[in-house]
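Below is one structure, written out as structure tokens; the observations come after it.
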Amino acid sequence: MSLLPTLLALLLMNGARALKSCKDCTRIDQCEPAFQLVTTDKSATTASLLKNALCGHDGLPKVCCSDFTMSRTLIQNENTDEPATTPEPEVENHPNINLLSGECGDVEGNRIVGGVTTSLYEFPWLALIGYKVENTVVYNCGGTVINSRYVLTAAHCVYGKNKTLASVRIGDYDISSKVDCTGEGEDQECESTYQEIGISQTIYHQDYVRSLFQVKNDIALLRLTNPVDFSLRNAAPICLPVTKQLLEMDINGERGVVAGWGVTETGKKSNILLKVEVPIYSLSTCNSLYHRDRRARQSKFENVFCAGDRGSDSCKGDSGGPLMLEGPYRDTYKLIQFGVVSFGSSQCGSSIPGVYTDVRKFMKWILNNIKP
């Protein structure tokens, strides 16, 4: 079928115009994206694009070929009622990457232990999320400070009609005591200051789903009403996996550290910040372990990993808290958050490990949703 009648018909739909000047003026049958577009799409939008791209004649019209490289995607999206999209920037080159400080995740003390209390200033990025219950505030989830205005947590900690967020507490250690002390004698350290900051915005993942043994995209951000004061020793941000090396790091078989005030082996919440070391399993192992439970055989995990062992696990009150690993970060070693506590077996510390949202899979989402 001759191409010329089709082209003339398209041009007549919108009239003629002055020829365009460009460096890639090519006969239309030698410009593949233009040729394919005008022979498969006869819409008014295509006619307008053709008219605007005309740059000469040589038996057949000549067009600025580069005009059609992006225009073809635009036409396709228009015809399917989908907005035109542009490629997302890589994490390392994201315009908001500088909102995350390099002064983060400082290592203090030996963390190669499990199920013990932390030192007073060991995890200054740990946050408690407070909820309004009648005339008081209760703390049922954790989170991490990622910069002076944002706390990272789990979506299930903030989503739901019965959840009325009150504030975020940063820098506390023993929630039952006004003055927190660790150590003895000359080694004793005490702290009486913490920061209680309001929440101005709750951002949970737009595709968050929660059902029996099925949780997807369990991640959220809280924007604080006032910036965190990082001049205090018990307040600092955690590092996130922002480099290519960390984003591609194989953590299967590593042992991470989880910290929080969650339910302990006694069945009660701890007033003191605890930490536990847990083995990390791959996504395939995670699916395999959970599919042993007949109730969970229909579940399929995505963008998560599993971690935990019999007697060593995160538990209910740890939801939203971090799983951390030491790793290379800007020419030094830092603590880096790779996971967010999501959910697990009803019996904490059983042979079924806990499930963690894989922070690496959501770095672009995090960067896209924070602002100065």
Side-chain angles (χ1 to χ4, degrees), residues 1-100 203 205-209 216-217 219 240-250 283-284 300 302-303 358-372:
M1 181 177 67
S2 173
L3 178 65
L4 190 56
T6 302
L7 296 175
L8 291 175
L10 287 170
L11 289 173
L12 288 173
M13 288 174 65
N14 282 286
R17 55 152 284 165
L19 297 179
K20 185 175 182 178
S21 176
C22 60
K23 294 182 180 180
D24 60 343
C25 188
T26 309
R27 210 171 81 155
I28 195 165
D29 60 342
Q30 297 175 357
C31 175
E32 183 179 355
F35 185 88
Q36 289 185 0
L37 185 61
V38 299
T39 55
T40 58
D41 189 290
K42 299 179 182 181
S43 66
T45 304
T46 297
S48 178
L49 289 169
L50 176 61
K51 180 186 72 172
N52 293 330
L54 283 174
C55 57
H57 297 276
D58 183 11
L60 287 177
K62 297 175 72 175
V63 295
C64 295
C65 192
S66 59
D67 286 11
F68 287 84
T69 303
M70 293 181 61
S71 298
R72 187 178 181 191
T73 301
L74 182 65
I75 293 277
Q76 291 171 339
N77 286 336
E78 180 184 273
N79 291 342
T80 56
D81 295 324
E82 294 180 1
T85 59
T86 54
E88 290 235 17
E90 292 301 315
V91 170
E92 288 184 293
N93 299 318
H94 197 286
N96 286 338
I97 193 68
N98 290 329
L99 296 180
L100 302 177
I203 309 163
H205 197 283
Q206 66 276 9
D207 295 320
Y208 166 63
V209 175
K216 293 183 178 180
N217 307 305
I219 194 165
L240 296 180
V242 295
T243 66
K244 187 174 186 294
Q245 180 181 4
L246 292 172
L247 290 167
E248 297 176 354
M249 181 176 168
D250 182 8
L283 180 58
S284 60
K300 183 179 179 181
E302 299 175 358
N303 300 326
D358 191 337
V359 174
R360 295 169 299 176
K361 306 297 184 182
F362 295 93
M363 276 311 308
K364 287 184 181 179
W365 181 86
I366 292 170
L367 291 169
N368 286 343
N369 283 280
I370 61 175
K371 59 185 179 182

Checklist outcome for this item: By side-chain contact (heavy atoms from CB on, under 4.5 Å), N98 pairs with (sequence neighbours left out) none
Checklist outcome for this item: With sequence neighbours left out, the residues meeting side-chain contact (heavy atoms from CB on, under 4.5 Å) with M249 are L246, I251, F338
Checklist outcome for this item: Interatomic distance, NZ@K62 vs CD1@I28, rounded to 0.5 Å, equals 12.5 Å
Next on the checklist: Show the nearest heavy-atom pair for residues N303 and N217, with the distance to one decimal.
Outcome noted: ND2-OD1, 4.3 Å
Item to check | Residues that K244 engages under salt bridge (charged side-chain N to carboxylate O under 4.0 Å, His left out), provided they are two or more places apart | outcome: E248
Item to check | Expected output: side-chain D58 to main-chain R27 donor-acceptor under 3.5 Å | outcome: no
Checklist entry - With N96, which residues qualify under side-chain contact (heavy atoms from CB on, under 4.5 Å), at least two apart? => result H94, L99, L367, I370
Next on the checklist: The criterion is side-chain contact (heavy atoms from CB on, under 4.5 Å); which residues satisfy it with D358, sequence neighbours excluded?
Outcome noted: F305, R360, K361
Next on the checklist: Let's test your reading of the model: do C55 and C22 have SG atoms under 2.5 angstrom apart?
Outcome noted: no
Next on the checklist: Which heavy atom of M363 sits nearest to which heavy atom of P241, and what is that distance?
Outcome noted: CG-O, 3.4 Å
Item to check | Residue pair L54, V63: steps toward the side chain to side chain contact (heavy atoms under 4.5 Å, CB included) verdict | outcome: CA-CA 4 Å; L54 283 174; V63 295; 4.3 Å; yes
Next on the checklist: Could you measure the distance from the CG atom of L240 to the CZ atom of F362? Nearest 0.5 Å is fine.
Outcome noted: 13.5 Å
